[in-house]
Amino acid sequence: MHPLSVIREQLRPLFEEYVDDPAPYLEMVRPAQDSKFGDFQANFAMPLAKQLGKNPRDLATEFVDKIKLDDVCESMEVAGPGFINFKFKSDWLTAQLGTMQADERLSVPVAESPRTIIVDYSAPNVAKPMHVGHLRSTVIGNTICRIVNFLGHKVYGDNHLGDWGTQFGMIIYGYKNFLNRESFEQAPVDELARLYKLVNQLSEFHDLNRKIPELQAKIESLSAQLTEQEEKADPKDKQARKALGKIKNDIATLKQDLLSAEDKVSAVTASPELLAQANGYPDIARLAREETAKLHKGDEENLALWKQFLPLCIAAIDEVYGRLGVQFDLVLGESYFQPFLQEVVDDLKQKGMAQQSQGAICVFHDQNEAPFIVQKTDGAFTYATTDLATIRYRVEELKADSILYVVDARQSEHFKLLFETAAKWGYDEIDLRHISFGTVLGDDKRPFKTRSGDTVGLESLIEESIQRARQIVNEGDDAKPSPELDETMRQRVAEMVGVGAIKYADLRHNRESDYVFNWTKMLATNGDTATYIQYAYARICGIFREVDADREALREGDGAVVFTHDAERALGLQLLRFAETIESVVNDYRPNILTAWLFETANAFTTFYGNCHVKNEPDAAIKKSRLILCDLTARVIDQGLALMGIQTSDKM
RNA sequence: GCCCCGGUAGCUCAGCUGGAUAGAGCAUCGGUCUUCUAAACCGAGGGUCGCAGGUUCGAAUCCUGCCCGGGGUGCCA
């Protein structure tokens with residue numbers, strides 16, 4: 001049991017005579033916010049006293065008198081308005097460290113009641129190359145999988161591929177009309193990506209050509225409205241001022257839309273070849289949609305093409321997953337659920353949940369104006385239908401207790417409706433959760449794009465990170481009196497640092513927030529980065545090399561941890577908080593809690609490293625104790641990073 | 001129009017769902033290599049937590065209003 005839960009468990013029965021449910025009060029026992037107060041603090045006395053009409057300090061004192069933690073705590077003090085501060089006995093901490101040292105799981109308990117958890121993440125559209133937009137889902141989702149798996153739950157990391165949508169119609173149409181056979185034979189996926197891009201571009205071209213005059217007209221009419229209202233508006237009238245501001249705002253966004261539309265159009269008109277293609281295929285958008293429809297209806301030719309393309313596309317994205325060290329337990333894309341969609345809609349209709357509205361089949365929910373559309377006017381199903389069929393499959397076939405959707409925050413409304421629909425449909429036992437996350441931004445605070453405005457490919461992003469890391473590795477090693485890394489090693493370290501940097505930078509932010517992507521910061525050797533933590537690990541390994549210690553023997557030996565310096569105690573306590581940290585990460589699936597703890601651990605280690613010499617320590621018992629602390633720190637860092645799919649190296 | 005999410009140090013971000021003097025990292029300034037990796041360490045300065053009210057022993061956190069930014073909003077996913 002980790003230190004925090006030891007305190008909580010001791011407190012739990014004491015609440016019996018005060019409240020029915022102690023849980024919220026036990027939550028109020030947490031790490032001390034300032035180490036001068038002690039190791040942990042309890043804040044429940046104030047709110048509880050209020051509820052009971054007592055004096056908070058008296059109540060806190062009552063608790064302190066009853067708590068039986070003499071073996072564990074050196075002191076329990078009531079402070080301020082009624083805080084209880086706990087400080088552990090060093091003997092108890094060192095004993096716990098002894099247990100941790102002997103435990104392969106580093107004192108992280110296995111879940112008492114393992115659950116079956118589906119983590120739905122990554123889910124790229126296979127018809128186009130992966131880009132930064134897929135980074136967060138992939139990295140966060142994979143981390144969640146690793147952590148819940150470590151806790152002993154049955155986990156299915158499922159890549160719900162977009163492999164059945166309109167994009168496939170586009171590449172099929174492109175294949176039939178614009179294929180460069182030679183390129184396709186040499187690099188099929190690149191050629192398919194080119195075809196997708198081309199068809200998309202030409203479709204958009206026609207669409208935008210129609211929209212541009214509409215946009216212009218809208219802007220004109222709004223501008224006219226603006227001048228008119230400006231003239232007659234009373235400048236003191238707040239409502240009117242606000243209305244004017246709104247119009248101005250609308251005009252600005254329309255102008256932006258117009259600008260981007262004109263950009264896209266001129267990209268085509270600027271190229272004689274593209275323009276000729278555009279003119280030659282005025283109906284391209286409709287025709288591409290028809291290819292999709294044919295595919296969905298089971299057209300032999302299209303189905304054969306789809307079957308030919310799909311493995312190629314999957315192989316391409318697998319390459320990216322390979323570089324990221326991401327593996328899935330299941331890859332059940334949209335196409336897999338295709339056969340069940342009609343049944344789903346029929347069932348919804350039969351249960352009176354779905355009804356026809358404006359030509360589409362919809363499920364309505366009380367608080368929502370927008371319907372949940374399960375079948376479009378043209379008969380096609382939507383991702384809403386697929387998601388419902390998927391829930392059914394996951395519950396019926398996989399016996400899922402919980403499904404976590406690691407998906408962009410922008411889809412929160414979809415999930416709200418999906419979950420409500422699923423519950424009404426009968427799946428009200430399962431824990432459905434949208435693990436939402438924010439956007440990766442560029443320096444301009446707009447979604448991260450290349451200078452030319454294209455989305456950044458994930459593969460090239462990883463590539464660049466490794467290259468930049470290699471640069472740093474070279475500089476670092478060359479600066480040493482005698483460089484110690486050979487070519488292979490340098491490259492291995494560069495990959496570990498480069499990939500680690502991207503992942504860590506993503507995970508260290510609260511997943512709900514947007515964050516700004518910054519190469520310099522994420523690859524910094526100092527500060528809250530993967531590199532810094534990996535470096536701490538390498539330094540520890542350096543110590544073991546220097547003293548020529550056998551780490552395995554150390555774990556089985558009879559040595560014990562002793563505290564001779566504050567830094568040792570601080571490090572020890574920090575190490576013992578590993579289990580508590582994992583617990584709180586899983587509580588709301590927030591990997592940034594883990595990165596923060598790892599960073600603190602690395603910091604605690606460097607303080608220890610600076611103050612407590614290992615190699616030159618003359619006292620054998622102290623030296624051994626320090627070696628144990630080093631070993632534990634290394635293991636905890638290695639394990640912690642591994643839970644995020646980040647590697648370590650004993651030299652760097 | 002309606003709905004959702006943000007606004008915290010110069011910058012990038014935490015802040016564990018109401019607790020003690022609001023924290024990190026960069027950046028800035030000043031110190032550290034004859035001792036286990038200086039890819040490091042130690043120290044200093046830096047804040048009207050968007051604004052205004054309210055709730056209470058106590059508010060960055062909860063409520064109301066306003067300002068600013070982003071996103072979503074019936075047939076893309």
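Values in this document were obtained by computation on a predicted structure and should not be read as measured data. Sequence lines set the chain letters: A, B, ... in the order given, protein chains first and strands last, and positions in each chain run from 1.
The nucleotide whose nearest atom lies closest to any side-chain atom of A:Asn85 is, among B:C26, B:C76, B:A20, B:A20. For A:Gln358, the listed nucleotide lying nearest its side chain is B:C75; candidates were B:A20, B:C11, B:C75.
In summary, the side chains of A:Thr633 and A:Tyr609 do not present any donor paired with an acceptor at a separation below 3.5 Å, with no hydrogens or angles considered. For the residue pair A:Ser5/A:Glu580, the side-chain donor-acceptor check at 3.5 Å is not satisfied. A:Asn43 and A:Tyr25 share no donor-acceptor pair across their side chains, judged by distance under 3.5 Å alone. At a cut-off of 3.5 Å, with distance as the only test, no side-chain donor of A:Asn592 or A:Arg511 sits close to an acceptor on the other residue.
Near RNA chain B, meaning a heavy atom under 4.0 Å from it, residues 503-513 of chain A has A:His509, A:Asn510, A:Ser513 in order of number. Residues of residues 371-379 of chain A having a heavy atom closer than 4.0 Å to RNA chain B, listed by number: A:Pro371, A:Ile373, A:Lys376, A:Thr377.
A search for side-chain contact (heavy atoms from CB on, under 4.5 Å) contacts involving A:Arg446 returns A:Asp444, not counting sequence neighbours. Take A:His296 and apply the side-chain contact (heavy atoms from CB on, under 4.5 Å) test, not counting sequence neighbours, and it matches A:Trp164, A:Thr292. Under the rule for a side chain to side chain donor-acceptor pair (under 3.5 Å), A:Asn85 has no partner lying at least two apart in sequence or in another chain. Considering only residues two or more places apart in sequence or on other chains, A:Glu600 meets the salt bridge (charged side-chain N to carboxylate O under 4.0 Å, His left out) condition with none of them. Residues satisfying the side-chain contact (heavy atoms from CB on, under 4.5 Å) criterion with A:Asp207, sequence neighbours excluded, are A:Arg210, A:Lys211. With sequence neighbours left out, the side-chain contact (heavy atoms from CB on, under 4.5 Å) criterion links A:Val499 to A:Leu324, A:Ile462, A:Ile466, A:Lys503.
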List every contact pair, protein side and nucleotides 70-73 of chain B side both N or O, where the distance is under 3.5 Å.
{"from": "B:G72", "atom 1": "O2'", "to": "A:Glu413", "atom 2": "OE1", "distance (Å)": "3.2"}

Could you run down the sub-3.5 Å N/O contacts of the protein with nucleotides 56-63 of chain B?
none

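Among the protein residues, A:Gln411 comes within range of the nucleic acid bases, having at least one heavy atom under 4.0 Å from a base atom. No engagement by A:Lys128 is indicated, since no non-hydrogen atom pair under 4.0 Å with the nucleic acid exists. Contacts of A:Ala79 with the nucleic acid, taken as non-hydrogen atoms under 4.0 Å apart, include base atoms. Looking at heavy-atom distances under 4.0 Å, A:Cys630 makes no contact with the nucleic acid at all. Heavy atoms of A:Asp34 sit nowhere under 4.0 angstrom from any nucleic acid atom. Within the 4.0 angstrom heavy-atom criterion, only backbone atoms of the sugar-phosphate kind lie near A:Glu27; the bases stay farther away.
Figure legend: A:Arg30 and A:Phe40 shown without cation-pi pairing, the cationic atom not lying both under 6.0 angstrom from the six-membered ring centre and within 45 degrees of its axis.
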> When you check every protein heavy atom under 4.0 Å of nucleotides 30-42 of chain B, what one-letter string (B, S, -) results, 5' to 3'?
Replying inline: -----BBBSBSSS

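Separation of atoms CG (A:Leu161) and CG (A:Asn125) is listed at 9.0 Å; rounding is to 0.5 Å.
Between the side chain of A:Lys36 and the base of B:U21 there is at least one donor-acceptor pair of N/O atoms closer than 3.5 Å.
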>> Taking Watson-Crick (N1-N3 plus N6-O4 or O6-N4) and G-U wobble (N1-O2, O6-N3), each under 3.5 Å, can you produce the dot-bracket string of RNA chain B? Use [ ] for crossing pairs and | for inter-strand ones.
In response: (((((((..((((.....[...)))).(((((.......))))).....(((((..]....))))))))))))....

